[in-house]
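Input: a single structure, listed below in structure tokens.
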Amino acid sequence: MSSPVLALTIAGMAAVTFGPRLLPTLFLAAASLPGPVVVWLRQVPPAVIAALLAPPLFVPDGRLDLGPGNFGLWLAVPTLLLAWRTRNFYLTIAFGIGSLALLRFLAG
Amino acid sequence: MRPVAAPAAPAAPSASASASAPAPRAWAAGLGQAVPVMLGYVPVAFAFGVLGHTAGLPWWASAAMSAFVYGGSSQFAALQLLAVGAAPYAVVLTTFVVNLRHLLLSAAIAPRLAGWRRREQALFAYELTDEAFAVHSAQWAERAERPKAEVFAFNTAVHGSWVAGTLAGVLAGDLVTDVEALGLDYALPAMFMALLAAGVVADRRGLAVAVLAGALAVGLTLLGLEYWAVLAAAALAATFGLALTPREERSSALGEDAAPAEGGAGR
């Protein structure tokens with residue numbers, strides 16, 4: 001692909017990404033939304049975060065992996081418990097990163 | 001509504017205490033919220049830079065993608081397509097599909113930006129990634145009034161780390177690096193877990209919505225629909241959450257946590 005075509009392709013990628021990010025912000029901000037829509041939108045954060053979180057844990061390499069070697073998945077249990085009990089953002093992240101590094105080190 | 005870019009002179013005391021906090025403190029707060037995301041972004045952006053270099057992409061193209069597209073999974077998908085010589089329209093179309101879920105994020109966060117200027121809304125939307133959405137919606141659920149400086153400090157730091165990580169990867173080129181040994185690939189999953197536990201899942205209904213969304217996303221991924229997984233799973237699970245909501249709560253419209261952040265355009 002030549003440089004101008006590549007640049008245009010990237011510009012196109014930027015445009016189709018920015019559009020969906022921008023339009024609801026501009027049009028929904030000024031309007032007052034009906035109740036059910038507000039309630040629906042309020043369910044979006046937990047839904048989106050869970051939908052982002054689960055696939056990499058359960059399907060790390062394109063296949064469902066529930067085996068003991070899937071450290072990330074099993075580590076989610078104590079990490080979630082810790083997050084829930086302490087509500088400490090940084091402690092949770094440090095625990096997750098540190099434990100995974102340790103497990104990988106021990107597993108060689 | 002407050003004037004935005006007031007010079008350093010103290011502005012007239014305005015509506016809320018938190019929103020009139022001094023700008024340096026607001027920037028520091030935003031940077032503090034950005035750290036876990038940057039920890040997660042830098043290794044991934046680095047990997048993107050390395051892969052781009054390996055795939056023969058000129059350095060400016062990798063950097064431009066990180067600066068202007070700023071969407072992780074879509075950038076990796078584009079890389080794969082460019083490497084096999086796909087047509088430009090296929091790359092753009094794939095990017096559109098992969099990033100379409102941001103429609104949902106933008107809609108969910110829009111009420112918070114009600115009193116903002118158009119260009120501020122546009123700048124915010126430009127940097128609305130999954131992780132930014134997760135952090136902002138959790139922060140806004142805790143404090144409806146957040147200084148804009150805090151919000152933009154977060155976005156700038158996180159976006160900056162994505163671009164810087166990409167450039168570092170391009171420069172490091174063929175060096176094979178093992179980011180996994182440090183466990184840094186767990187920074188973003190752990191952050192999502194912390195956000196879910198710290199209040200994004202506020203009650204049993206939220207828990208049910210999250211569990212359903214996670215299960216649906218895994219199912220769709222297994223079916224090979226990973227580009228649609230987040231969008232479809234989140235939309236379905238949110239609809240399920242709406243169905244679980246009692247009728248009176250549904251019709252009583254704007255609860256306090258969905259009120260416009262600037263207290264302006266309520267109904």
Side-chain angles (χ1 to χ4, degrees), chain A residues 1 3 5-6 8-10 12-14 16-18 20-26 28-30 32-36 38-59 64 72 75-76 79-80 83-84 87 89-90 92-93 95-98 100-101 104, chain B residues 36 61 64-65 68-69 71 88 91-92 95-96 99-100 102-104 106-108 110 113-114 121-122 125 128 130 134 137 182-183 186-187 189-198 200-201 206 209-210 213-214 217-218 221-222 229-230 233-234 237-238 241-242 245 250-251 253-254 258 267:
Chain A
M1 197 176 281
S3 284
V5 175
L6 184 57
L8 276 178
T9 306
I10 294 172
M13 291 173 67
V16 297
T17 301
F18 189 36
R21 281 177 179 169
L22 177 68
L23 294 179
T25 308
L26 292 186
L28 296 183
S32 45
L33 301 169
V38 173
V39 172
W40 188 81
L41 287 175
R42 216 179 287 161
Q43 317 297 321
V44 168
V48 165
I49 297 175
L52 288 167
L53 172 64
L57 294 181
F58 287 91
V59 195
L64 187 66
L75 199 52
T79 309
L80 272 169
W84 180 58
R87 306 284 164 109
F89 203 68
Y90 290 99
T92 303
I93 293 165
F95 172 82
I97 292 175
L100 187 61
R104 282 182 181 151
Chain B
M65 263 194 226
F68 301 122
V69 181
V91 177
V92 173
T95 306
F96 179 68
N99 288 335
L100 193 56
H102 292 134
L103 200 66
L104 207 57
S106 179
L113 311 181
Q121 292 171 341
L128 184 59
D130 297 320
S137 48
L182 296 173
Y186 216 57
M191 184 193 77
F192 288 140
M193 292 182 225
L195 289 175
L196 282 174
V200 174
V201 170
V209 168
V218 169
T221 304
L222 288 173
V230 175
L242 176 62
T245 307
R250 265 187 263 172
S251 50
L254 296 172
R267 33 206 257 158

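Chain naming here is simple, since letters A, B, ... match the order of the sequence lines and numbering starts at 1 in each.
- The candidate from A:A47, A:G12, A:A54 with the greatest count of non-hydrogen atom pairs under 4.5 Å with chain B is A:A47.
- Between the CG atom of A:L52 and the CG atom of B:D130 there is a distance of 4.5 Å, given to the nearest 0.5 Å.
- For the set A:V5, A:L75, A:L8, A:L23, the count of heavy-atom pairs under 4.5 angstrom toward chain B peaks at A:L75.
- Only the side chain of A:L57 comes within contact range of chain B, with heavy atoms under 4.5 Å apart.
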Hey, mind stepping through A:F58 and B:T221 against side-chain contact (heavy atoms from CB on, under 4.5 Å) and telling me if it holds?
-> CA-CA 10 Å; A:F58 287 91; B:T221 304; over 6 Å; no
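- For the options B:A198, B:P36, B:A233, heavy-atom pairs under 4.5 Å to chain A are most numerous at B:P36.
- Among all heavy-atom pairs drawn from B:L242 and A:P36, the shortest one is CD1-O, 3.6 Å.
- Proximity to chain B is limited to the side chain of A:V59, based on heavy atoms less than 4.5 angstrom apart.
- Looking at A:F89, both its backbone and its side chain come within 4.5 Å of chain B, counting heavy atoms on both sides.
- In plain terms, the two heavy atoms of A:P46 and B:G206 that are nearest each other are CB-O, 4.1 Å.
- To the nearest 0.5 angstrom, A:T17 atom OG1 is 11.5 Å from B:L128 atom CG.
- The heavy-atom pair separating B:A190 from A:T79 by the smallest distance is CB-CG2, 4.5 Å.
- A:I10 approaches B:A61 most closely through the heavy-atom pair CD1-O, 3.5 Å.
- Contact detail for A:V48 and B:A234: the closest heavy-atom pair is CG2-CB, 3.7 Å.
- Annotation: the span from A:L53 atom CG to B:M193 atom CE amounts to 5.0 Å, rounded to 0.5 Å.
- Interface remark: B:L222 contributes side-chain atoms only to the contact with chain A (heavy atom separation under 4.5 Å).
- When the candidates B:V201, B:T245, B:L196 are compared by the number of heavy-atom contacts under 4.5 Å with chain A, B:L196 comes out ahead.
- In this structure, B:M191 CE and A:I49 CD1 are separated by 7.5 Å, a value rounded to the nearest 0.5 Å.
- In this structure, the portion of A:Y90 lying under 4.5 Å from any heavy atom of chain B is its side chain and not its backbone.
- For the pair B:A122 and A:L22, the tightest heavy-atom approach, listed with the atom from each and the gap, is CA-CD1, 3.5 Å.
- Rounding to the nearest 0.5 angstrom, the gap separating the CG atom in B:N99 from the CZ atom in A:F18 is 13.0 Å.
- A:R21 places no side-chain N or O within 3.5 Å of a backbone atom of B:S106 that could act as its donor or acceptor partner.
- Heavy atoms closer than 4.5 Å to chain B are found nowhere in A:P56, neither backbone nor side chain.
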